[in-house]
Trainee: 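I have a structure here, written as structure tokens, and I will follow up with some questions on it.
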Amino acid sequence: MNGNMTWTAALAAMILSLPVTAVAQQMTAGLYEYTVRMNVPGAPATIPPQTMQRCLTAKDVAGSQAYEVPNDPNSDCKVRDLTHSGGQFAYKLVCTKPQQIDGAVKGTATATSIAMDMTMTIEGIPGPLTQSITARRLGDCKS
């Protein structure tokens with residue numbers, strides 16, 4: 001299970017890197033705290049929430065940089081069918097490597113927060129993996 005939990009942590013970081021351009025444009029630059037809650041089928045216990053902070057610059061929130069990290073050469077994940085309207089968004093996630101992943105994401109965004117829920121079917125993991133990701137602006141970025 002440790003391998004699955006390590007992979008799940010990496011997956012959480014990848015999910016935070018997905019391009020949600022329309023949502024990012026609504027957000028205010030600053031220091032954000034992200035909390036990722038996961039439910040992994042077959043895990044012996046509830047996985048504790050993972051919290052991380054990230055400084056989003058005006059440039060980050062003006063484009064898709066708020067949710068992108070450098071491409072991982074081991075992954076080919078793509079966002080498909082992105083829709084957004086009135087602070088709500090939805091998209092599909094499709095990957096073929098390092099393994100097959102099919103996911104669906106729905107969420108909401110404001111100038112200072114984001115909330116999204118994801119359900120994924122992952123090759124080699126029984127049942128769907130679910131994630132709930134929230135982010136809230138803490139204030140200005142520290143220099």
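What you see is a predicted model; the values in this text were computed from it and never measured.
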Trainee: Could you walk me through whether Ser113 and Thr134 pass the side chain to side chain contact (heavy atoms under 4.5 Å, CB included) test, one step at a time?
Mentor: CA-CA 7 Å; Ser113 68; Thr134 58; over 6 Å; no

Trainee: Could you measure the distance from the CZ atom of Arg136 to the CD atom of Glu33? Nearest 0.5 Å is fine.
Mentor: 4.5 Å

Trainee: Linking I/L/V/M/F/W/Y whenever any side-chain heavy atoms sit under 4.5 Å apart, do Leu31 and Ile133 land together?
Mentor: no

Trainee: Can you name the salt bridge (Lys or Arg N to Asp or Glu O under 4.0 Å) partners of Lys106, sequence neighbours left out?
Mentor: none

Trainee: For the residue pair Ala29 and Ala58, what are the closest heavy atoms and their distance?
Mentor: CB-N, 3.5 Å

Trainee: Using 0.5 Å steps for rounding, measure from the CG atom of Leu138 to the SG atom of Cys55.
Mentor: 10.5 Å

Trainee: Show the nearest heavy-atom pair for residues Lys97 and Asp76, with the distance to one decimal.
Mentor: N-OD1, 3.0 Å

Trainee: Restricting to non-hydrogen atoms, name the atom on Val105 and the atom on Phe89 that form the minimum distance, rounded to 0.1 Å.
Mentor: CG1-CE1, 4.1 Å

Trainee: If you define the side chain from C-beta out and look only at heavy atoms, does anything of Met27 sit under 4.5 Å from Tyr32?
Mentor: yes

Trainee: Compile the donor-acceptor pairs under 3.5 Å between side chains in residues 116-125 and protein atoms, sequence neighbours left out, one pair per line.
Mentor:
from	atom 1	to	atom 2	distance (Å)
Asp117	OD1	Ser132	OG	3.4
Glu123	OE1	Gln100	N	3.3

Trainee: Looking at SG of Cys141 and CZ of Arg54, how far apart are the two atoms once the value is rounded to the nearest 0.5 Å?
Mentor: 10.5 Å

Trainee: Any salt bridge between Asp81 and Lys78, counting N to O under 4.0 Å?
Mentor: no

Trainee: Is there a side chain to side chain contact (heavy atoms under 4.5 Å, CB included) between Lys92 and Asp102? Walk through the geometry before answering.
Mentor: CA-CA 7 Å; Lys92 294 178 184 173; Asp102 291 303; over 6 Å; no

Trainee: Report the C-alpha separation of Val36 and Met52 in whole Å, then their side-chain angles, then the decisive distance to 0.1 Å, and conclude whether the side chain to side chain contact (heavy atoms under 4.5 Å, CB included) test is met.
Mentor: CA-CA 9 Å; Val36 180; Met52 60 204 84; 4.2 Å; yes

Trainee: Hey, could you give me the OG1/CZ distance between Thr130 and Arg37, rounded to the nearest 0.5 Å?
Mentor: 12.0 Å

Trainee: Drop me the distance from Gln131's CD to Ile47's CD1, to the nearest 0.5 angstrom.
Mentor: 9.0 Å

